[in-house]
Amino acid sequence: MNRVRFAPSPTGFLHIGGARTYIFNWLFARSTGGRTVLRIDDTDAERSSEESLRSILEGLAWLELPWDERHYQSGRKRMHREAAAALLAKGAAYRDFTPQDAAPQESSAGTRAAWLCNPGMRELSKEESDRRAASGERFVVRFRVPRERGNGVFFKDSIFKKQFRKFADIEDFALARANGDPTYHLASTVDDCDLGITHVIRGQDHLSNTYKHVLIFEALGRELPRFGHLPLLLGPDGSKLSKRKHGPIVSVTTYRDKGFLPSAFVNYLSLLGWSPKDNREVLSVDELVSLFKTDGVLRANAVVQFDESSAQNWADPKALWLNAQHLRSMPVEQLLPRVETEIKRCGWWTPEYEAGRRDRLTAVVDALRSRFTLTTDFALRGKAYFMDAFDLEAKAAANLDKQGAREGLRELGKRLEAVDDFSEQSVEAALRSLAAERGVKPGLLINGARAALTGQSVGPSAFKVFTLIGRERVLERLAGV
RNA sequence: GGCGCUAUCGUCUAAGGGUUAGGACAGGGCCCUCUCAAGGCUCAGAUCGGGGUUCGAAUCCCCGUAGCGCUACCA
């Protein structure tokens, strides 16, 4: 059975690039009947924080793509230390006693050659190395890249295909720090082995680290997982997406808080570097699972478009569009609880919604969603449908101020009091006949009614609005015009 | 500096030796219409540059250029 892992380090919030990596892993696992392992790579105690961890877990949970197992790397340190010791004993690694702040070797002719190792350390005899270690001298453990034999490292990447690197281009990287803690390279490979990871799917920034990992796997005598490296996400300026440079737009929780639907967000991210190749764009999670293939993943980086100075395009316009698509096409009963959360947050939730009025709420959501983009729009633009107090917009006020509008609406209210069935049809009939009697355009009353009923000049069909607001409130609002 | 990776409309992408280089978002226009959306139709918009190979190249090869990544006792 396939086992994939997503291994964030809790040194910042969940980044959308990280979310995409998680999504691709999850999609791959689901589509092949495999399992998803969440591994918190918290080996760097200094940079890890509780807050980051919470943000990552929250962001991941919001995606609604559940993981199957969770592990913390910090709890596995003993295993990492043992692996480092084993590699040392085998001679696959050596102690480097060079002080941490030692100046790097300078070039002679102004051209800096690639650093491979610190002078003298690789050649230290076992006896001397042991003696200096026993005497308490500090050291890091470095991998002894086998440059004297063979020519290099080879591996096959499921996305970037055949990869080869000469030993002469791989430096003796550290496996353990002076304090004994494992480095990322060691901890990651040891855990991938121990957790039985079959497929390592991660960002392309790890492509050149993979040679090192292959070396460790081999030195440990373990079988290699399959590797797949994803192209990176870039900001509109073409540089790698980062918190420092691009701000909160790279945080997953921003999208959650601004009213994105998880399914739409997943849909958007899955289309960055991958496509189903049949021109389909709006895809549910289930459809993504059945369509996803790693060998269809692109190798070129993708730009995430956004404009932080624009209220309209604060996120990628395509992401916004996808959200609107999901908003209108998802089953309304799945949308309801999300809207409920929004209006509760505004304090607009009243017991009448719990009691028999849920049908009206459903009707309201259904009528409004085709003109909304985000779930937060229900709170931002739907107040009159939920509350008796609401604002009158300038354009709506202008519609009411038109000659004959107010009197017409008051009269309409009186007539509606008398109709037997309060429906779109009966309201329309009453309004049109009144308009005809008075010799005014129906539009005067129609647009006036929308203004009186919702405070807005835009919205669903005015006749629909009457039934959405409900007879009782319609009569009040018309009378008070 | 060294070592890699990448390059199709503004953006996301399809075509992987033969297509008028397709679709989506964003933009323009039209239709629909009680408003706003939605929806339908439509216009504009791309193969980084230069050399090869080939009857034929966006596609294969080479050289440039640009971007990105790695080059830590970060991950």
Side-chain angles (χ1 to χ4, degrees), chain A residues 7-11 41-44 46-48 73 96 98-101 104 107 110-116 138-142 160 163-166 168-171 173-185 187-188 202-212 229 231-232 234 236 238-240 268 271-282 298-306 313 316-322 324-325 328 368-373 381 395-396 399 428 431 441-451 456-463 465:
Chain A
S9 58
T11 55
D41 277 9
D42 52 356
T43 49
D44 186 353
E46 258 123 71
R47 299 204 313 150
S48 297
Q73 205 163 48
D96 181 346
T98 311
Q100 187 171 356
D101 50 8
S107 63
T111 50
R112 199 155 43 99
W115 177 90
L116 288 177
R138 290 171 69 81
F139 61 87
V140 300
V141 178
R142 286 190 186 282
F160 283 86
Q163 297 292 310
F164 175 80
R165 188 164 203 151
K166 294 197 289 270
D169 293 324
I170 307 173
E171 77 283 3
F173 54 93
L175 296 172
R177 298 187 252 263
N179 66 6
D181 282 351
T183 62
Y184 159 74
H185 300 302
S188 177
R202 71 224 309 191
Q204 197 218 117
D205 44 350
H206 287 294
L207 192 59
S208 32
N209 285 331
T210 305
Y211 300 101
K212 299 170 187 171
H229 288 86
L232 265 21
L234 270 26
S239 70
K240 186 182 166 182
Y268 167 67
L271 258 19
L272 257 22
W274 176 83
S275 90
K277 314 223 182 288
D278 61 359
N279 285 345
R280 284 207 284 166
E281 312 261 359
V282 184
L298 250 54
R299 285 176 286 262
N301 296 339
V303 171
V304 173
Q305 207 60 253
F306 59 84
N313 293 334
D316 194 320
K318 189 141 188 181
L320 260 4
W321 174 78
L322 277 169
Q325 292 297 316
R328 1 195 154 308
L368 291 178
R369 64 172 168 167
S370 74
R371 54 212 90 215
F372 286 175
T373 302
R381 297 159 57 190
K395 276 188 183 171
N399 285 338
E428 178 162 6
L431 185 146
K441 285 188 193 163
L444 177 77
L445 263 23
I446 289 173
N447 293 322
R450 185 182 295 104
Q456 296 170 333
S457 60
V458 301
S461 154
F463 304 119
V465 171

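Chain identifiers are assigned alphabetically (A, B, ...) following the order of the sequence lines, protein sequences preceding nucleic acid strands; residue numbering begins at 1 within each chain.
If you check every strand for non-hydrogen atoms under 4.0 Å, A:Pro442 touches nothing. Nucleic acid contact for A:Arg165: base, since at least one base atom lies under 4.0 Å from a heavy atom of the residue. Contacts of A:Val140 with the nucleic acid, taken as non-hydrogen atoms under 4.0 Å apart, include base atoms.
Between A:Ser208 and B:G69 there is no side-chain polar atom (N or O) within less than 4.0 angstrom of OP1 or OP2. For A:Thr43 and B:A75, the shortest distance from a side-chain N or O to OP1 or OP2 is below 4.0 Å.
Closest to the A:Gln204 side chain, of the nucleotides B:G4, B:C34, B:C25, is B:G4. In the set B:C5, B:U13, B:G69, the nucleotide with an atom closest to the side chain of A:Phe160 is B:C5. With B:A14, B:A75, B:C34 as the candidates, the nucleotide lying closest to the side chain of A:Leu298 is B:A14.
Below the 3.5 angstrom threshold, one finds no donor paired with an acceptor across the side chain of A:Lys240 and the base of B:C68. For B:C34, the base has a donor-acceptor partner in the side chain of A:Arg450 [N/O atoms by modelled type, under 3.5 angstrom]. On a pure distance criterion of 3.5 Å, a polar donor-acceptor pair joins the side chain of A:Arg371 and the base of B:C36.
Pair assignment for B:G49: B:C63, on the basis of Watson-Crick or G-U wobble contacts that are both within less than 3.5 Å.
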